[in-house]
Amino acid sequence: MRIRAIFATLVLVVFGSGSLGQHRGGSGPGEKYSPELMATLARLRQSALKDTYAYSRVAHLTDNIGPRLSGSAQAAQAVEYVAEELRKLGLEVQLEKTMVPHWVRGLETGELVEYIGQAPATSQKVVLTALGGSVATPHEGLIADVIVAHDFDQLNVLGRARVAGKIVLFDFPFDNKMAAEGFALQAYGQAVAYRAGGPSAAAKLGAVAALVRSVGNADYRLPHTGALDYAADAPKIPAAAVTAEDADMIAHLTSQGKVRMHLTMTPETLPDAPSYNVIGDLKGTQHPEQIVIVSGHLDSWGLGTGAIDDGAGVAVAMETAQLIRQLGLHPKRTIRVIAWMNEENGGAGSLTYAKDHASEVDNHVGAIESDLGAGHPLGFFLYAGKGAMPLLEPVSQILAKLGAGLMNPSDDPVEADITPIQLGGVPGFGVLQDTRTYFNYHHTAADTLDKIVFAELAENAAAMAVLAYALADMPELLPRPPRRASSEEH
Ligand SMILES: [Zn+2]
């Protein structure tokens with residue numbers, strides 16, 4: 001997940017958390033769904049908990065294919081793999097073409113070459129990684145003084161006179177206490193503003209490069225990448241994330257006196273490349289034209305292997321189809337598995353889908369995405385019309401047995417890839433995972449398969465399958481949220 005989902009989630013916590021208690025569980029057991037449907041949902045839940053399908057798919061995506069940055073050979077291989085796996089399940093598979101940014105990470109090194117107390121002929125290494133989309137430094141790198149700003153206000157106080165010609169480090173810390181208390185997304189939302197907007201804010205004051213303190217609570221000197229957002233009215237300057245440890249060191253040394261840094265980065269932005277959303281339909285028996293989406297995003301950053309962000313989401317969505325096949329079920333409405341392309345640095349896949357499917361968006365009865373990792377699911381956050389909550393009570397009842405019974409309403413669309421269609425009036429759901437450790441690994445080299453706990457992934461598979469099947473078979477359709485212009489998104 002990246003920046004776009006943050007806003008909706010902040011709104012959710014501020015406005016949605018008061019209703020946690022009252023929406024938990026249900027009144028009469030299964031009174032809104034038939035006893036047969038309730039029994040089917042319980043079977044799906046139990047089967048998901050023991051099935052190895054999702055785990056083996058995310059294992060293949062991560063260990064066999066590897067990192068899947070948009071435009072890369074691995075992303076292309078992952079498209080073929082998921083398409084083939086969905087065909088094996090008997091789904092009608094289509095590849096939906098979308099043009100994606102093609103940014104390639106290069107060399108990236110940093111060292112402090114001048115600072116108080118320096119031993120002769122030495123330097124201090126700085127562990128860093130380019131932010132996605134960053135331009136390169138000159139081939140031999142650049143050398144400049146470093147100036148530290150805690151936040152945007154402090155940057156503006158420093159002003160052009162002190163910033164011009166320098167490397168600006170935004171040293172805004174990720175709030176570990178918030179994360180430990182279960183508010184990791186909110187901590188991320190606060191800090192990620194500097195990764196997104198910091199480079200252009202510094203460039204407007206004449207900075208020659210920008211560094212940000214890594215967003216996240218990793219403390220093994222791991223840099224955390226992610227997209228930056230160059231402003232149209234600012235020069236594009238090279239931008240990188242330094243580890244939290246290195247940010248501390250630089251701040252300490254600059255508090256003593258002059259610090260000069262040699263920064264070298266050689267990323268390249270190639271022409272946009274063709275890629276694909278993978279779409280697999282399991283046709284409904286009574287209303288094949290009505291569609292329920294289950295989804296995750298197939299692309300990932302390239303430092304790790306994209307296990308928790310978001311191979312897990314794709315695998316869990318595939319598992320819904322696998323379980324329905326395995327149990328010989330025949331949902332009334334169509335269940336559509338989507339592996340989205342380019343969530344991390346552009347959102348091209350989700351925009352292409354909303355455009356290509358504009359004429360059938362009214363027939364999308366619900367869309368689910370998992371993009372907050374593979375931790376224990378607590379339930380869902382959702383964006384739907386008034387009156388949706390009572391219709392979801394039976395789902396909560398089934399999932400409460402896993403500790404995943406929360407239905408947390410949001411005033412804004414949830415999850416990045418399904419946001420464009422929610423703005424078109426489709427009810428949207430995001431899996432609400434335990435995120436206390438998510439940002440230890442997210443967008444770092446440590447986002448690898450071992451971070452996925454089999455039992456927790458299986459719980460996620462259960463949650464998605466139960467909700468999807470309920471949406472595909474429930475007697476009444478969910479009330480739809482109002483259509484909104486995409487400009488209202490922020
Ligand atoms: Zn993601």
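Atoms within a ligand are numbered from 1 in the order they appear, just like the ligands themselves.
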Is it true that, when you exclude Y220 itself, more than 12 heavy atoms of the residues, nucleotides or ligands shown sit nearer than 6.0 Å to its OH?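 No - once you tally the heavy atoms of other residues, nucleotides and ligands closer than 6.0 Å, there are 12 at most.
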Quick check: does H297 put an N/O/S atom under 2.8 Å from the Zn ion (ligand 1)?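 For H297, the answer is yes, given that an N, O or S atom comes within less than 2.8 Å of the Zn ion (ligand 1).
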Could I get the full list of salt bridge (Lys or Arg N to Asp or Glu O under 4.0 Å) partners for D450, not counting sequence neighbours?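 Once residues adjacent in sequence are excluded, D450 has no partner under the salt bridge (Lys or Arg N to Asp or Glu O under 4.0 Å) criterion.
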Would you call R336 and E360 a salt bridge, using N to O less than 4.0 angstrom?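 Judged by the 4.0 Å cut-off on N to carboxylate O distance, R336 and E360 do form a salt bridge.
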Checking distances from the Zn ion (ligand 1), one finds that the N, O or S atom of D309 closest to it is OD1
Check all N, O or S atoms of D371 and name the one closest to the Zn ion (ligand 1). OD1
Decide whether D371 and H297 meet the rule of one side-chain donor and one side-chain acceptor closer than 3.5 Å.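 There is such a pair (donor and acceptor under 3.5 Å, judged by atom type) between the side chains of D371 and H297.
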